[in-house]
Peer 1: 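Before I ask anything, let me first share the structure, which is written out below as structure tokens.
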Amino acid sequence: MRLAVVVAREHAERARRHLLRSGLIDRERRIVSRGREVEIPVLEAPSSLPVPFTLVEQEAPRFASPPLSFERLKRELRGVIGERAEMLRGGWELIGDVLIISLPEELYPQRREIGEFLLRFHPRARSVVARRSIREELRYPEAEVIAGDRDTTTLHREHGCVFRLDPCRVMFSAGNMEERRRMAQLPARDEVVLDMFAGVGQLSIPLAKHASPRKVLAIEKRPETYGFLKENISLNRLEHVMEARLGDSREVAPRDFANRVLMGYFFSPQRFLPKALEALKGGEGVIHYHTLVAKEALDKEGGALVERIAELGYKARIAHRRIIKSYAPKRWHAVYDVVVG
Ligand SMILES: C[S@@+](CC[C@H](N)C(=O)[O-])C[C@H]1O[C@@H](n2cnc3c(N)ncnc32)[C@H](O)[C@@H]1O
């Protein structure tokens, strides 16, 4: 659905600036003047604006240029590298103004030409990064700047939150966007929340900003990522509700204090389950348990998780489960919302 915010002409500039700051403007469509009103294309409905507005489905959108699609990219890239453009797979991710693509090994020798092309192709790209793989455990992305600015630290805006990060040095996945949005909508009012694998605050910042918790403790083991986490807490003005702690969550998370635990780390998460259960206040609460599964085993894995929790001495049920994204052939990143107690 192509949404637009309609405001009176005299309010247009104020509304535009506000929407720009919240990262809500859809830059693929043009802002259109219609008589005394202005239509500003948006990616999603704003929760509020400092001026009166209505939200409409745009009937006659005008595109800034032909819509940016991966198909169009491949078509135009043919003009640069010919048929080999077909080898490009998997789309792109735009994190702030850093454009990330996965390059198959065969295209690496032409990466500079491809990068320069992408820099011209995408109006928001300041740097183009080719990503190979993400190493397990601490998840250092293996990435190379193939065109544009070599400094890839950027500001990424999403769901009314802002994240400062360097996607070449810390993990931030476009595929997790829906899960980040879901965190903002959790019924967590007045709760105490523990984020055991905080990263740069991907999950706990939207929660802290929009779900009105009483306190959020965000733990991150890697010093560099922890630095961004602390910055993001202050950029989002969440110091009053959110605390960052450096260390291994198994060692530094307190016991018996949280109503909700985020376990956003899917490599053998069962290792961390005893600590997550111990952190729940009075042994009760909700755990958001991320893991890797085969799609057809989604429910079976949920059953196994409940059993594992029972072996640790707690009663649990799965209140919700969903696939977040594909991770590898036949391996899916899934999340289970487990109600304990
Ligand atoms: C995959 S990122 C996920 C970030 C965020 N939770 C999300 O789901 O988008 C996982 C983060 O957990 C951190 N981490 C891994 N093991 C940890 C541990 N034992 N204690 C605290 N943080 C840990 C990593 O450094 C990394 O930043």
Peer 1: Does atom NZ of Lys209 have more than 12 heavy-atom neighbours, drawn from other residues, nucleotides or ligands, at distances under 6.0 Å?
Peer 2: yes
Peer 1: Is any side-chain N of the basic residue among Arg181 and Glu158 closer than 4.0 Å to the acidic one's carboxylate O?
Peer 2: no
Peer 1: With side chain to side chain contact (heavy atoms under 4.5 Å, CB included) as the criterion, how do Glu39 and Arg29 come out once you've worked through the C-alpha distance, each side chain's angles and the decisive distance to 0.1 Å?
Peer 2: CA-CA 10 Å; Glu39 267 178 34; Arg29 286 176 286 151; over 6 Å; no
Peer 1: Side chains of Arg308 and Gln270 only: does a donor on one sit below 3.5 Å from an acceptor on the other?
Peer 2: no
Peer 1: To the closest 0.5 Å, what do you measure between CG (Leu94) and CZ (Arg126)?
Peer 2: 10.5 Å
Peer 1: Closer than 3.5 angstrom, by distance alone: can the side chain of Gln202 be matched with the main-chain N or O of Val200 as a donor-acceptor pair?
Peer 2: yes
Peer 1: What's the separation between atom CD1 in Ile81 and atom CG in Leu88, rounded to the nearest 0.5 Å?
Peer 2: 7.0 Å
Peer 1: Are the side chain of Glu220 and the backbone of Gly199 linked by a donor-acceptor contact shorter than 3.5 Å?
Peer 2: yes
Peer 1: Would you mind checking if Glu178 and Arg182 are paired as a salt bridge, meaning a charged N to carboxylate O distance below 4.0 Å?
Peer 2: no
Peer 1: Is it possible for you to say whether Leu165 and Met183 belong to one hydrophobic cluster, with membership spreading through side-chain heavy-atom contacts below 4.5 Å?
Peer 2: yes
Peer 1: Run the side chain to side chain contact (heavy atoms under 4.5 Å, CB included) check on Val6 and Val38 step by step: do they pass?
Peer 2: CA-CA 6 Å; Val6 180; Val38 174; over 6 Å; no
Peer 1: With distance as the sole test, does Asp195 use its side chain to make a donor-acceptor pair with the main-chain N or O of Met263 at under 3.5 Å?
Peer 2: no
Peer 1: On a heavy-atom basis, which atom in Val216 and which in Ala208 lie closest, and how many Å separate them?
Peer 2: CG2-CB, 4.0 Å
Peer 1: Kindly give the heavy-atom pair with the smallest separation between Ala125 and Leu119, and that separation in Å.
Peer 2: O-CD1, 3.7 Å
Peer 1: Between the side chain of Arg36 and the main-chain N/O of Arg9, is any donor-acceptor distance below 3.5 Å?
Peer 2: no
Peer 1: Work out which heavy atom in Asp256 is nearest to a heavy atom in Lys281; give both atom names and the distance.
Peer 2: OD1-CA, 3.3 Å
Peer 1: Are there over 12 heavy-atom neighbours, none belonging to Lys74, within less than 6.0 Å of that residue's NZ?
Peer 2: yes
Peer 1: Taking Met196's backbone N and O only, do any of them form a donor-acceptor pair with Ser249's side chain (distance below 3.5 Å, no angle check)?
Peer 2: yes
Peer 1: How about Ile40 and Phe53: do any of their side-chain heavy atoms sit closer than 4.5 Å?
Peer 2: no
Peer 1: Any link between Phe272 and Val286 through a network of hydrophobic side chains (Ile, Leu, Val, Met, Phe, Trp, Tyr) touching at under 4.5 Å?
Peer 2: no
Peer 1: Is it true that Asp337 and Arg322 make a salt bridge, defined as a side-chain N closer than 4.0 Å to a carboxylate O?
Peer 2: no
Peer 1: Could you report the tightest heavy-atom contact between Arg131 and Pro167, atom names first, then the distance?
Peer 2: NH2-O, 4.0 Å
Peer 1: Evaluate Ser204 against Val193 for side chain to side chain contact (heavy atoms under 4.5 Å, CB included), listing each step before the verdict.
Peer 2: CA-CA 8 Å; Ser204 40; Val193 179; 5.9 Å; no
Peer 1: Check whether any side-chain heavy atom of Pro254 sits under 4.5 Å from a side-chain heavy atom of Arg245, and report yes or no.
Peer 2: yes
Peer 1: With distance as the sole test, does His159 use its side chain to make a donor-acceptor pair with the main-chain N or O of Cys161 at under 3.5 Å?
Peer 2: no
Peer 1: If Ile, Leu, Val, Met, Phe, Trp and Tyr residues are connected whenever their side-chain heavy atoms lie under 4.5 Å apart, and connections chain through other members, are Leu238 and Leu262 in the same group?
Peer 2: yes
Peer 1: Do Pro206 and Phe163 have side-chain heavy atoms sitting under 4.5 Å apart?
Peer 2: yes
Peer 1: Before giving the answer on salt bridge (charged side-chain N to carboxylate O under 4.0 Å, His left out), spell out for Glu57 and Arg2 the whole-Å C-alpha distance, their side-chain angles and the decisive distance to 0.1 Å.
Peer 2: CA-CA 6 Å; Glu57 194 177 340; Arg2 293 191 173 117; over 6 Å; no
Peer 1: Given 3.5 Å as the limit, does a donor-acceptor pair link the side chain of Asn232 with the main chain of Gly201, or not?
Peer 2: no
Peer 1: Where the side chain of Arg111 meets the backbone of Tyr108, is there a donor-acceptor pair that is under 3.5 Å apart?
Peer 2: yes
Peer 1: Do His290 and His333 have their ring centres less than 6.0 Å from each other?
Peer 2: yes
Peer 1: Is any side-chain heavy atom of Asn176 closer than 4.5 Å to one of Met171?
Peer 2: yes
Peer 1: Thinking salt bridges, do Asp190 and Lys215 make one under a 4.0 Å N-O criterion?
Peer 2: no
Peer 1: Kindly work out whether a path of hydrophobic side-chain contacts (I/L/V/M/F/W/Y, heavy atoms less than 4.5 Å apart) joins Phe257 to Val339.
Peer 2: no
Peer 1: Can a cation-pi geometry be assigned to Arg331 and Phe266, taking NZ or CZ under 6.0 Å from the six-membered ring centre and within 45° of the ring axis?
Peer 2: no
Peer 1: Would you say the rings of His156 and Phe172 are close, in the sense that their centroids are separated by under 6.0 Å?
Peer 2: yes
Peer 1: Hey, are the side chains of Leu186 and His288 touching, using non-hydrogen atoms and a 4.5 Å cut-off?
Peer 2: yes
Peer 1: Salt bridge between Lys275 and Glu251, side-chain N to carboxylate O under 4.0 Å?
Peer 2: no
Peer 1: Should the pair Tyr336 and Tyr289 be assigned to parallel (<30°), tilted (30 to 60°) or perpendicular (>60°) ring geometry?
Peer 2: tilted
Peer 1: Return the CG to CD1 distance between Asn236 and Ile205, rounded to the nearest 0.5 Å.
Peer 2: 5.0 Å
Peer 1: Report yes if the side chains of Asp149 and Asp97 come closer than 4.5 Å at any heavy-atom pair, otherwise no.
Peer 2: no
Peer 1: Without swapping roles, check the side chain of Arg89 against the backbone of Glu86 for a donor-acceptor pair under 3.5 Å.
Peer 2: yes
Peer 1: Just wondering, are more than 12 heavy atoms of other shown residues or ligands nearer than 6.0 Å to CD in Glu59?
Peer 2: no
Peer 1: Under a 4.0 Å N-O cut-off, is there an ion pair linking Arg34 with Glu37?
Peer 2: no
Peer 1: Heavy atoms, side chains only, cut-off 4.5 Å: are Ile287 and Leu277 in contact?
Peer 2: yes
Peer 1: Salt bridge check: are Arg214 and Glu191 linked by an N-O gap of less than 4.0 Å?
Peer 2: no
Peer 1: Would you kindly confirm whether Leu49 and Val56 end up in one hydrophobic cluster when ILVMFWY residues are joined by side chain heavy atoms under 4.5 Å apart?
Peer 2: no
Peer 1: Side chain to side chain contact (heavy atoms under 4.5 Å, CB included) between Arg260 and Leu194: does it pass, once the steps are laid out?
Peer 2: CA-CA 6 Å; Arg260 191 178 290 272; Leu194 166 65; over 6 Å; no
Peer 1: Whether the side chain of Ser22 engages the backbone of His18 through a donor-acceptor N/O pair (distance < 3.5 Å, no angle test) should be reported.
Peer 2: yes
Peer 1: Does the gap between the ring centers of Tyr226 and Phe228 come in under 6.0 Å?
Peer 2: no
Peer 1: Report yes if the side chains of Leu73 and Leu68 come closer than 4.5 Å at any heavy-atom pair, otherwise no.
Peer 2: no
Peer 1: If I take atom CZ from residue Arg157 and atom OG1 from residue Thr154, how far apart are they, to the nearest 0.5 angstrom?
Peer 2: 9.5 Å
Peer 1: Could you pull out the closest heavy-atom pair between Thr152 and Cys168, with the gap in Å?
Peer 2: OG1-SG, 3.5 Å
Peer 1: Testing the basics here: between Ala45 and Leu3, what is the closest heavy-atom pair and its distance to 0.1 Å?
Peer 2: N-CD1, 4.0 Å
Peer 1: Does this structure show an ion pair linking Glu116 with Arg112, if we count only N-O contacts that are shorter than 4.0 Å?
Peer 2: no
Peer 1: Which value, rounded to the nearest 0.5 Å, describes the distance between Ile146 atom CD1 and Ser127 atom OG?
Peer 2: 10.5 Å
Peer 1: So how far is it from Lys221 NZ to Ile219 CD1, rounded to the nearest 0.5 Å?
Peer 2: 12.0 Å
